[in-house]
Participant: 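Below is one structure. I have some questions about it.
Being a predicted model, the structure only gives us computed values, none of them experimental.
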Amino acid sequence: MQISVSVQATLRDITKFFVMALYDASNPSVCLESQQILPSPPTTPFQVTFLYNCLNGHTYNLKLWESVDATP
């Protein structure tokens with residue numbers, strides 16, 4: 001199963017990028033997948049689809065980062 005979310009947000013610093021990261025709620029220190037949102041600044045709302053093989057009924061955390069180097 002894939003997870004797809006729509007996000008509406010504004011960068012605080014337009015020289016940075018948004019990065020959306022997917023974490024397993026049972027192990028929140030491990031990033032399962034991250035995606036840089038292009039272009040910078042993105043038009044909002046923007047859609048992010050994670051390709052990680054998510055399990056039905058499992059809990060995941062999504063975090064939106066403002067990043068200088070496209071890493072969460």
Side-chain angles (χ1 to χ4, degrees):
M1 176 181 83
Q2 295 177 346
I3 295 175
S4 186
V5 294
S6 179
V7 178
Q8 185 163 344
T10 304
L11 287 167
R12 290 184 184 176
D13 180 346
I14 62 169
T15 64
K16 296 181 181 176
F17 299 92
F18 278 132
V19 177
M20 179 70 82
L22 176 71
Y23 296 86
D24 187 329
S26 65
N27 190 1
S29 63
V30 176
C31 180
L32 302 173
E33 181 182 349
S34 66
Q35 293 186 22
Q36 178 182 359
I37 304 353
L38 294 173
S40 179
T43 56
T44 60
F46 50 88
Q47 190 77 22
V48 179
T49 300
F50 290 97
L51 303 176
Y52 183 82
N53 188 20
C54 298
L55 302 173
N56 242 349
H58 196 78
T59 303
Y60 296 92
N61 294 329
L62 296 170
K63 293 184 182 180
L64 181 64
W65 301 90
E66 189 170 307
S67 173
V68 294
D69 62 357
T71 59

Participant: Would you check if the distance from the ring center of F50 to the ring center of Y60 is below 6.0 Å?
Facilitator: no
Participant: Got a second to check how far L22's CG is from S34's OG, nearest 0.5 Å?
Facilitator: 9.5 Å
Participant: Work out which heavy atom in L51 is nearest to a heavy atom in E33; give both atom names and the distance.
Facilitator: N-OE1, 2.9 Å
Participant: Taking all atoms of both residues into account, what is the closest heavy-atom pair of T71 and V19, and its distance?
Facilitator: N-CG2, 4.0 Å
Participant: Any idea which heavy atoms bring I3 and C54 closest together, and the distance?
Facilitator: CD1-SG, 3.5 Å
Participant: Are V7 and L62 connected into the same hydrophobic cluster when the rule is that any two of I, L, V, M, F, W, Y join if their side-chain heavy atoms are below 4.5 Å apart?
Facilitator: yes
Participant: Working to the nearest 0.5 Å, report the span between CE of M1 and CG of L55.
Facilitator: 7.5 Å
Participant: Would you say Q2's side chain and T49's backbone share a donor-acceptor pair under 3.5 angstrom?
Facilitator: no
Participant: Given the rule that I, L, V, M, F, W and Y join up when any side-chain heavy atoms are under 4.5 Å apart, are M20 and L32 in one cluster?
Facilitator: yes
Participant: Can you name the nearest heavy-atom pair linking D24 to H58, along with the distance?
Facilitator: OD1-NE2, 2.8 Å
Participant: Under the rule for side chain to side chain donor-acceptor pair (under 3.5 Å), what residues qualify as partners of T10, not counting sequence neighbours?
Facilitator: none
Participant: Using 0.5 Å steps for rounding, measure from the CD atom of Q47 to the CD1 atom of I37.
Facilitator: 10.5 Å
Participant: Without swapping roles, check the side chain of Q35 against the backbone of V48 for a donor-acceptor pair under 3.5 Å.
Facilitator: no
Participant: Do you know the tightest heavy-atom contact between L64 and F46?
Facilitator: CD1-CZ, 4.5 Å
Participant: Looking only at heavy atoms, which two atoms of K16 and S67 are closest? And how far apart?
Facilitator: CB-O, 3.3 Å
Participant: Distance from F18 atom CZ to E66 atom CD, nearest 0.5 Å?
Facilitator: 6.0 Å
Participant: Rounded to the nearest 0.5 Å, how far does CG of N61 lie from SG of C31?
Facilitator: 11.0 Å
